[in-house]
Amino acid sequence: MSRNYVVAGYVSDRHLPELTKEELKKLTHINIAFGHVREDRIQTGHLQNLKLLPELKRENPDLTILLSVGGWSAGGFSEAASTEAGRQAMAESAVRAVTEYALDGVDLDWEYPCYAEAGIAASPDDKANFTLLLRTMREALDRQGERDGRHYWLTIAAGADQYYIDGTEMAEVQRYLDFVQLMTYDMRGGFQTLTGHHTNLYTGTGDLFRISVDASVNLFVRAGVPKEKIVIGAAFYSRMWKDVPNVNRGLYQMSPGSGGYGPDFTELAAEYIDRNGFVRYWDEEAKAPYLFDGQTFISYDDEMSIRYKCDYVKAQELAGVMFWEYGCDRTHRLLDALYQGLQSS
C-alpha cells in the first residue's frame with residue numbers, strides 16, 4: 001500500500017522566487033525561514049517574498065506552506081512562553097500571520113528550550129512553558145480553523161540528541177503538533193574537534209559521539225513521540241575540519257579546531273567531490289559519504305545517503321524527510337533523490 005510521505009524543504013525568504021515548477025511539484029511542505037519573535041509576537045515585516053505564496057500554490061495546489069519562526073540565535077521564545085499573556089500574544093500573532101498571508105500554519109524553531117548556548121534567554125521553566133506555549137498556539141489555530149473550515153498546521157524543528165529530550169516534555173508536546181522535525185544534521189561539527197559524519201543514518205564503530213538519525217528517532221520514540229509524527233532531516237550543506245591527521249582517511253580523527261560549515265552541495269558538486277585532490281569515500285556502517293584530501297575532512301549528504309534515509313523512513317513507517325536548506329543545492333540533485341526515494345513505495 002502506498003502512502004504520502006512528507007518532503008519538506010526549509011526555504012529562506014530570499015530564495016522563494018527561485019523555486020521552479022518542477023521543484024514545487026516535488027515538495028509537500030515548505031518552511032519559510034524565518035519569522036522572528038519580538039515582544040511576545042511573531043514578526044514578519046523583514047520578509048520580502050511572502051506575496052509570492054499564491055503563485056506557489058497555483059503551481060502545486062497541494063503544497064503546504066508554513067512560516068518557520070526562530071532558528072539558531074533567534075530569541076524571544078523563553079520570554080513569550082513565560083507568562084499566560086505572552087503565550088496568548090504569540091498565539092494571536094500566529095493566527096494573524098497565517099490569515100494575512102494565506103499560510104497553512106506555523107513551524108516553531110526554538111533553539112532550544114532550557115539552553116542558552118545560542119546566546120538567547122533560557123530558563124529551567126522553559127521545559128513546562130514550551131508545552132503551554134504550543135498548547136495555546138494549537139488552540140488558537142484550531143479556533144481559527146473552525147471559522148475558516150480548515151486545519152492549520154503546527155510543527156516544530158527539534159534538536160536531535162538527548163539534550164532536547166531533557167529540556168522538553170515531548171510526550172505532552174507531540175499532542176499539539178502535526179509532526180516533529182528532527183534536525184538530524186550538525187550532529188558533529190560546531191562543538192567537536194573529532195571529525196565525523198554530521199548527518200549520518202547510523203553510528204559507526206569508533207565514533208565517540210553515538211548520535212545518528214536512527215539513535216535520534218529511537219530517543220524521540222522512547223520519549224513518547226509516535227513514529228508517524230517523526231520527520232528526519234537531511235543536509236544540503238557540509239561540515240568541514242581542517243589540519244586533520246592523514247589516518248583512516250581522516251575519519252574519527254582529532255583536529256585542532258571544531259568542524260565549521262563547509263561548502264554547500266552546489267559547490268561540493270562543482271569543486272570538491274572527486275575533484276581538486278578530494279576523494280569521495282563511503283562509510284557502509286554509517287550509510288554516509290565523506291571527502292578527504294589528506295588534510296581536510298568534509299561530511300555531507302548525497303543522493304546515495306538520501307536514498308538510504310528514504311528507505312529508512314519507509315521501513316520505520318515515519319512521516320518523511322525535511323532538509324536544510326533549499327538554496328544550498330542549485331544542482332537540484334538532492335531534492336530529486338528525496339522525491340524519487342519517497343514516491344517509490
Side-chain angles (χ1 to χ4, degrees), residues 9-10 71-73 109 111-112 117-118 157-164 181-217 219-220 231-244 248-269 272-273 278-293 295-310 312 321-329 334 337-338:
Y10 278 87
W72 182 255
S73 78
D109 191 357
E111 300 183 23
Y112 304 97
E117 273 77 2
D161 210 343
Q162 184 67 44
Y163 68 89
Y164 194 87
Q181 302 173 102
L182 305 186
M183 291 188 282
T184 47
Y185 37 70
D186 295 340
M187 295 188 292
R188 317 287 185 293
F191 299 107
Q192 287 125 11
T193 57
L194 183 75
T195 67
H197 306 294
H198 89 94
T199 182
N200 45 308
L201 184 54
Y202 299 108
T203 304
T205 304
D207 190 350
L208 286 172
F209 298 98
R210 307 307 293 170
I211 192 61
S212 65
V213 172
D214 180 59
S216 181
V217 167
L219 281 174
F220 278 80
V231 174
I232 63 173
F236 282 19
Y237 64 96
S238 68
R239 282 281 188 176
M240 174 192 285
W241 288 258
K242 296 180 178 179
D243 301 315
V244 176
N248 193 35
R249 299 167 174 170
L251 182 60
Y252 308 141
Q253 302 302 308
M254 296 300 294
S255 65
S258 58
Y261 287 111
D264 64 19
F265 190 78
T266 311
E267 193 177 349
L268 286 175
Y272 288 85
I273 300 173
F278 283 91
V279 178
R280 177 197 181 273
Y281 299 102
W282 175 255
D283 185 332
E284 184 60 27
E285 271 191 297
K287 298 290 188 275
Y290 61 100
L291 302 171
F292 191 57
D293 70 348
Q295 58 184 9
T296 299
F297 180 92
I298 299 176
S299 165
Y300 66 108
D301 256 332
D302 66 5
E303 295 97 322
M304 191 168 172
S305 61
I306 282 175
R307 185 57 191 247
Y308 274 106
K309 286 181 176 180
C310 293
Y312 178 85
V321 181
M322 64 84 170
F323 60 86
W324 179 271
E325 185 268 344
Y326 166 77
C328 292
D329 179 23
L334 300 186
L338 260 180

Does [X] use its side chain to pair, donor to acceptor, with the backbone of [Y] at less than 3.5 Å?
X	Y	value
Gln253	Gly250	no
Asp329	Thr266	no
Thr184	Val213	no
Asn248	Leu251	yes
Asp301	Ala235	yes
Arg239	His197	no
Arg249	Phe297	no
Asp293	Gln295	yes
Lys242	Gly259	no

> Could you give the distance from CD (Gln162) to CG (Leu219), rounded to the nearest 0.5 Å?
Replying inline: 5.0 Å

> Taking atom CE of Met322 and atom CG of Leu182, what is their separation to the nearest 0.5 Å?
Replying inline: 7.5 Å

>> If only side-chain N and O atoms count, and only distance matters, is there a donor-acceptor pair under 3.5 Å linking Gln181 with Tyr10?
In response: yes

>> Run Ser305 and Lys287 through side-chain contact (heavy atoms from CB on, under 4.5 Å) and show every step you take.
In response: CA-CA 6 Å; Ser305 61; Lys287 298 290 188 275; 5.9 Å; no

>> The test is side-chain contact (heavy atoms from CB on, under 4.5 Å); show your working for Val279 and Phe292 and say whether it passes.
In response: CA-CA 6 Å; Val279 178; Phe292 191 57; over 6 Å; no

>> For the aromatic rings, using the six-membered ring if either is Trp, is the centroid distance between Tyr290 and Tyr300 under 6.0 Å?
In response: no

>> Using the ring centroid of each side chain, check whether Trp282 and Tyr308 are separated by less than 6.0 Å.
In response: yes

Closest heavy-atom pair and its distance - [X], [Y]:
X	Y	answer
Lys309	Gly233	NZ-O, 3.1 Å
Ala118	Glu111	CB-O, 3.8 Å
Trp241	Ser255	CD1-OG, 3.2 Å

> Per the ring-ring contact (aromatic ring centres under 6.0 Å, His included) rule, which among Phe265, Tyr185, Phe236, Tyr237 passes with Phe323?
Replying inline: Phe236

